[in-house]
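Input: a single structure, listed below in structure tokens.
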Amino acid sequence: MKLNINYSNLLDIINLNFGVYYPLKEFVSKEDFLSIVKKYSLANGKFFPIPIFINISKSLYERKKETKIVKVFYKSKKVCNLIVKSFYKVDKKKIGKKIFQTKNTNHPGFCQFLKSGDYFIHCKIKKFNHKIMKNLNFTYPAKIKSIFFKSKLKTIVGFHTRNVPHRAHEWIHNFALKKCDGLFIHPLIGQFKKNEYKEKIIIQSNLKLINDIYKNKNIFFGLFNSYPRYAGPRESLLHAIVRRNYGCTHFMLGRDHAGVGKYYAKYASQNLCLKHQNAMKINIICFKEPYLCKVCKRIVNKKCIYCHKVSKKLISGTLIRKLILNKVKIPSTFMRKEISNQLNSKSLIK
């Protein structure tokens, strides 16, 4: 059986193959799928928060249900073989409500899940074609672990973002280095949503900050080549596990980690990660959302320690992208000029 996959499928295959999703090593079985959704663990009891699956249409299943080996292609290039253990179905609407914690089918993650194929494949990856990695931006966990080991730092905190760095991010980076010896800036780059940042500009801007502005040997950089599932608190657990698999001892997350719109309660991701940090074997660092004090023009996250007032201007990736789309100059209090000068409407996905 030949299967042409989309980019998200490709990234899941790569991340499974290189241990980014450990302890998961293959696309989940029905037993694992249901166990993850209900108990946040695989059927063998190992903690894992969100199903990593591959599925196909009913029509393809009807034609190929006796298949034992699936030859996988992405844009006509061979990716790997999938050794089929079983095909199965789940109640997608019922399961989707639990994964995304909403009944609203307008939720982008829930909507995409419902539109995906009806038949899931429990399978393992074989004969992975390493040549496909040449044209992909990918950071290997083993390489980062080696760098961390050589640094001899005892604690390293992972920082997740899918944005170009602004002043509030800088506050978070500084806060992180007060808590841990090292900081691993690890942006997500497999985005596809309109008006999100393009992969190239995320990499370019973060490297500009790290190499030309911070110049701190205890700050490291790598890429998490995946895609946003918009699953809020549940997805934040996956992000923590990924950073553990890259060698981080700590993971930090803010107000609405992996959220979208107003589907999740403020700080819900922090609360769920704190609840499961022992099972995940990574320490969770939480903080209140930083903001620009409109009086002092400084970034703080509580009552301003400089003027002792609360006069807030929240700085977010959404705000910055809106300014870019409207061709409004980004104030230096929002973002360093060295960074903002790199941005224009072409920096965003159309």
Side-chain angles (χ1 to χ4, degrees), residues 1 3-17 20-70 72 80-125 190 192 226-239 241-242 258-260 263-264 272 276 279:
M1 172 182 169
L3 180 64
N4 293 308
I5 59 170
N6 61 32
Y7 191 56
S8 297
N9 294 147
L10 174 66
L11 295 180
D12 279 339
I13 288 171
I14 291 169
N15 284 319
L16 284 169
N17 189 67
V20 176
Y21 295 153
Y22 183 83
L24 196 63
K25 299 177 181 179
E26 60 186 27
F27 287 108
V28 293
S29 65
K30 184 173 184 178
E31 188 180 15
D32 281 333
F33 200 126
L34 297 177
S35 180
I36 287 168
V37 172
K38 184 178 180 180
K39 302 177 182 178
Y40 292 93
S41 67
L42 302 173
N44 62 13
K46 292 183 179 179
F47 186 89
F48 204 80
I50 197 164
I52 307 298
F53 59 83
I54 192 164
N55 49 357
I56 58 174
S57 67
K58 181 180 179 180
S59 61
L60 185 57
Y61 167 76
E62 294 293 350
R63 297 197 310 271
K64 304 291 185 180
K65 57 187 175 183
E66 301 303 322
T67 294
K68 296 301 178 185
I69 298 177
V70 178
V72 178
C80 67
N81 288 343
L82 295 177
I83 309 303
V84 178
K85 297 183 178 182
S86 66
F87 294 95
Y88 62 93
K89 291 182 73 176
V90 297
D91 185 334
K92 288 171 69 179
K93 201 160 189 178
K94 182 179 179 181
I95 291 292
K97 288 177 184 177
K98 291 184 178 180
I99 293 174
F100 298 100
Q101 298 178 33
T102 181
K103 297 178 181 180
N104 190 337
T105 55
N106 289 321
H107 181 290
F110 192 12
C111 178
Q112 185 64 33
F113 180 66
L114 293 175
K115 287 180 179 179
S116 65
D118 291 325
Y119 284 84
F120 296 79
I121 313 174
H122 175 208
C123 53
K124 61 181 179 180
I125 299 162
F192 53 82
S226 184
Y227 54 94
R229 292 166 170 82
Y230 305 110
R234 189 180 282 269
E235 187 176 354
S236 70
L237 298 170
L238 175 66
H239 291 169
I241 285 176
V242 166
V260 59
Y263 288 98
Y264 306 108
L272 191 64
H276 292 290

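Please read all numbers here as calculations on a predicted model, not as lab measurements.
Scanning all heavy atoms of the two residues, the minimum distance from A258 to H239 falls at CB-CE1, 4.1 Å. Between H276 and F47 the shortest heavy-atom distance is ND1-CE1, 3.5 Å. When every heavy atom of I50 is checked against every heavy atom of A231, the shortest pair comes out as CD1-CB, 3.9 Å. Residues P49 and I241 share a closest heavy-atom pair of CD-CD1, 3.6 Å. Shown here for C123 and V84, the closest heavy-atom pair between the two residues is CB-CA, 4.1 Å. Taking all atoms of both residues into account, the shortest heavy-atom contact from V37 to P51 is CG2-CG, 3.9 Å.
Within the 3.5 Å criterion, the main-chain N or O of A43 finds no donor-acceptor partner in the side chain of E31. In terms of modelled atom types and a separation under 3.5 Å, the side chain of S57 and the main chain of G117 share no donor-acceptor contact. Side chain of K58 to main chain of Y119: no donor-acceptor pair is present (N/O by atom type, distance under 3.5 Å, no hydrogens or angles). In this structure, the side chain of N17 does not engage the main chain of I13 through any donor-acceptor pair within 3.5 Å. Proximity of a side-chain donor or acceptor of K64 to a complementary backbone N or O of V70 within less than 3.5 Å is not detected. The backbone N or O of E26 lies less than 3.5 Å from no partner atom in the side chain of K124, so there is not a single donor-acceptor pair.
Between D32 atom CG and K46 atom NZ the span is 11.0 Å, to the nearest 0.5 Å. A distance of 9.5 Å separates NZ of K97 from OG1 of T105, quoted to the nearest 0.5 Å. Note: Y263 OH to N104 CG = 4.0 Å, rounded to the nearest 0.5 Å. Rounding to the nearest 0.5 Å places NZ of K65 at 11.0 Å from CD1 of I56. Taken from CG in L82 to CD1 in I5, the straight-line distance is 8.0 Å, to the nearest 0.5 Å. Atom CG in L11 sits 11.0 Å away from atom CG in L16 (nearest 0.5 Å).
Residues L3 and I54 form a side-chain contact, since some pair of their non-hydrogen atoms from C-beta on lies under 4.5 Å apart. Taking the side chain as every heavy atom from C-beta outward, Q101 and P233 approach each other to under 4.5 Å. Taking the side chain as every heavy atom from C-beta outward, L60 and M1 approach each other to under 4.5 Å. A 4.5 Å side-chain heavy-atom check between L34 and I95 finds at least one atom pair inside the cut-off.
The number of heavy atoms from other shown groups lying within 6.0 Å of CD1 (I69) does not exceed 12.
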key: Pair R234-F100, side-chain contact (heavy atoms from CB on, under 4.5 Å): steps then yes or no   = CA-CA 8 Å; R234 189 180 282 269; F100 298 100; over 6 Å; no

request  = Take L238 and Y21 through the side-chain contact (heavy atoms from CB on, under 4.5 Å) test and state the conclusion after the steps.
outcome  = CA-CA 8 Å; L238 175 66; Y21 295 153; 4.1 Å; yes

query = Should N9 and V72 be marked as a side-chain contact (heavy atoms from CB on, under 4.5 Å) after you check the CA-CA gap, both sets of side-chain angles, and the distance that decides it?
reply = CA-CA 10 Å; N9 294 147; V72 178; over 6 Å; no

ask   = Under the side-chain contact (heavy atoms from CB on, under 4.5 Å) criterion, do L24 and L42 qualify, and how do the steps go?
value = CA-CA 8 Å; L24 196 63; L42 302 173; 3.8 Å; yes

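Residues F53 and Y88 keep their aromatic ring centres 6.0 Å or farther apart.
Below 30°, between 30° and 60°, or above 60°: for F87 and Y61 the angle between ring planes is above 60°, a perpendicular geometry. Taking the six-membered ring where tryptophan is involved, the planes of F113 and F120 are tilted, since the angle between them lies from 30° to 60°.
When only modelled atom types and interatomic distance are considered, R229 and Y227 share a side-chain donor-acceptor pair under 3.5 Å.
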